[in-house]
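Worth saying up front: this structure is predicted, and the values here are computed from it rather than measured. First listed ligand is number 1; within each ligand, the first listed atom is number 1.
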Amino acid sequence: MNDQTALITGASSGIGFELARCFARDDYRVVLVARHLDELKEAARLLHQEFEGIDIVLLPFDLSLPDTPDKLYAETTARGLQIDALVNDAGFGETGYFSDTDVDTEMAIIQVNVAAVVHLTKLYLRDMVARNAGRILQVGSIASFTPSPCQAVYAATKAFVLSFTEAVQHELKQQHSAVTMTVLCPPPTDTNFFRTAHAENTRAAQHPASAREVAEEGYDTLMEGGARSLPTMGAKVNFFTSLLLPDSMLATIMNNQLHPAHR
Ligand SMILES: NC(=O)c1ccc[n+]([C@@H]2O[C@H](COP(=O)([O-])OP(=O)(O)OC[C@H]3O[C@@H](n4cnc5c(N)ncnc54)[C@H](OP(=O)(O)O)[C@@H]3O)[C@@H](O)[C@H]2O)c1
């Protein structure tokens, strides 16, 4: 073991699992967080199979509950775990016109994708700043750059993640801190995301990137202390397009990508 610990939320599947795999490969102790214990156990089994002797801690927590970040922090503290790397990956979306979608689902999206990210970052960043060491990876999206009709709330949460991360990155530089924060902005990726968001029948879901490729690029940028990771050519094109076009045109493009009738 390299004696470092990484805590990864959303680690039971998709990009979060692949990020956990990167840390495990580099001999980190990994703390895996998600709601379902069975799926966390399966993720741990796969990691143990590939990386013998790796130290894995499973913490089943629901980040849609407002008190979860405090409980998670208390749990890692009680276990004597110093979190050297925090990955805020857990997140989900919903698809449909905002006037039709369910408000409780959208409040949960905001809680998981925004409130829990801010709260966990607050708790662990303070310790990292005090130690003058540590790294945080925030999982945004290419949706961070564009208003997205049919996923209006989801895209807005990812815009928040980008803005929040970039502001704190600047603060850390002003504080001459060695702590780094990186935002990963994946393109559509082959995970459970589109199924959970009821968006399997959209154009956006048709040619996804591989979760492993996305995670490895994000991990490399995190380890370099980079500010932003745009994995795959698709994400880079999306980002540069967002610089060139007005939001109204970007919204039209995203509506084409995300409206189920436009497959
Ligand atoms: N896939 C894409 O196209 C794409 C593109 C850009 C950004 N992203 C972002 O990438 C991140 C990972 O998503 P993914 O694509 O890998 O999807 P995924 O395969 O659905 O993984 C989501 C992970 O988050 C966990 N999770 C969901 N709700 C949770 C909650 N309330 N509390 C704790 N954990 C929770 C899930 O486990 P449980 O269900 O067991 O809790 C799972 O481990 C998300 O932030 C997503 O917005 C995805």
Worksheet item: Would you say the side-chain atoms of Thr157 pair up with the backbone N or O of Asn113, donor to acceptor, closer than 3.5 Å?
Response: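 Not confirmed, Thr157 side chain does not pair with Asn113 backbone.
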Suppose I only count heavy atoms of [X] and a 4.0 Å limit; which atoms of ligand 1 are within that range?
X: Ala90; answer: 24 (O), 34 (N), 35 (C), 45 (O)
X: Pro188; answer: 3 (O)
X: His36; answer: 38 (P), 39 (O), 40 (O)
X: Gly14; answer: 16 (O), 19 (O)

Short N or O distance, [X] and ligand 1, threshold 3.5 Å exclusive:
X: Arg35; result: yes
X: Val112; result: no
X: Ser141; result: no

Worksheet item: Can you tell if the side chain of Ile56 reaches within under 4.5 Å of the side chain of Leu47, non-hydrogen atoms only?
Response: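 Result yes, sub-4.5 Å side-chain heavy-atom pair found.
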Provide, to 0.1 Å, the distance between [atom] and the closest protein heavy atom, together with that atom's residue and name.
atom: atom 10 (O) of ligand 1; value: Val139 CG1, 3.4 Å
atom: atom 3 (O) of ligand 1; value: Thr189 N, 2.7 Å
atom: atom 20 (O) of ligand 1; value: Asn192 CB, 3.4 Å
atom: atom 36 (C) of ligand 1; value: Ser12 OG, 4.0 Å
atom: atom 13 (O) of ligand 1; value: Gly91 O, 4.3 Å
atom: atom 32 (N) of ligand 1; value: Leu63 N, 2.8 Å

Does ligand 1 have an atom that lies less than 4.0 angstrom from a heavy atom of [X]?
X: Gly140; result: yes
X: Lys158; result: yes
X: Pro187; result: yes

Worksheet item: Is the distance between the ring centroids of Tyr124 and His119 under 6.0 Å?
Response: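 Tyr124 vs His119: aromatic centres not under 6.0 Å.
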Practice prompt. Please confirm whether Phe193 and Phe92 have ring centers closer than 6.0 angstrom.
Written response: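 Here the rings of Phe92 and Phe193 have centres that are no less than 6.0 Å from each other.
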With a 3.5 Å cut-off and no angle check, do the side chains of [X] and [Y] form a donor-acceptor pair?
X: Gln151; Y: Thr95; answer: yes
X: Thr121; Y: Asn88; answer: yes
X: Glu213; Y: Thr232; answer: no

So between [options], whose heavy atom ends up nearest [atom]?
atom: atom 18 (P) of ligand 1; options: Ser13, Gly10, Pro231; result: Ser13
atom: atom 8 (N) of ligand 1; options: Phe17, Phe194, Phe193, Tyr154; result: Tyr154
atom: atom 48 (C) of ligand 1; options: Ile15, Asp190, Thr191; result: Ile15
atom: atom 11 (C) of ligand 1; options: Asp89, Leu184, Thr157; result: Asp89

Practice prompt. Give the contacting part of Phe61 toward ligand 1: side chain, backbone, both or neither, where contact means a heavy-atom distance below 4.0 Å.
Written response: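 Backbone only.
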Worksheet item: Counting heavy atoms only, which part of Asp62 comes closer than 4.0 Å to ligand 1: side chain, backbone, both or neither?
Response: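 Within the 4.0 Å criterion, Asp62 contacts ligand 1 through backbone and side-chain atoms alike.
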Practice prompt. Decide whether a cation-pi geometry holds between Arg21 and Phe51; the criteria are a distance under 6.0 Å from NZ or CZ to the six-membered ring centre and an angle within 45° of the ring axis.
Written response: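 No, a cation-pi geometry is absent between Arg21 and Phe51.
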Practice prompt. For a side-chain contact (heavy atoms from CB on, under 4.5 Å) with Phe164, tell me which candidate from Val168, Val161, Leu162 qualifies.
Written response: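 Of the listed options, the one satisfying the test is Val168.
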Worksheet item: Pick from Leu222, Val31, Asp84: which one makes a side-chain contact (heavy atoms from CB on, under 4.5 Å) with Phe23?
Response: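 Only one option passes, and that is Leu222.
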Item to complete: Hey, could you give me the CZ/OG1 distance between Arg79 and Thr76, rounded to the nearest 0.5 Å?
Response: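 Reported to 0.5 Å precision, the distance equals 9.0 Å.
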Worksheet entry | Residues Glu75, Lys71; criterion salt bridge (charged side-chain N to carboxylate O under 4.0 Å, His left out); working and verdict | CA-CA 6 Å; Glu75 183 69 32; Lys71 286 185 176 167; over 6 Å; no
Worksheet item: Does Glu216 pair with Arg25 as a salt bridge, N-O distance under 4.0 Å?
Response: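 Between Arg25 and Glu216 there is a salt bridge, with a charged N closer than 4.0 Å to a carboxylate O.
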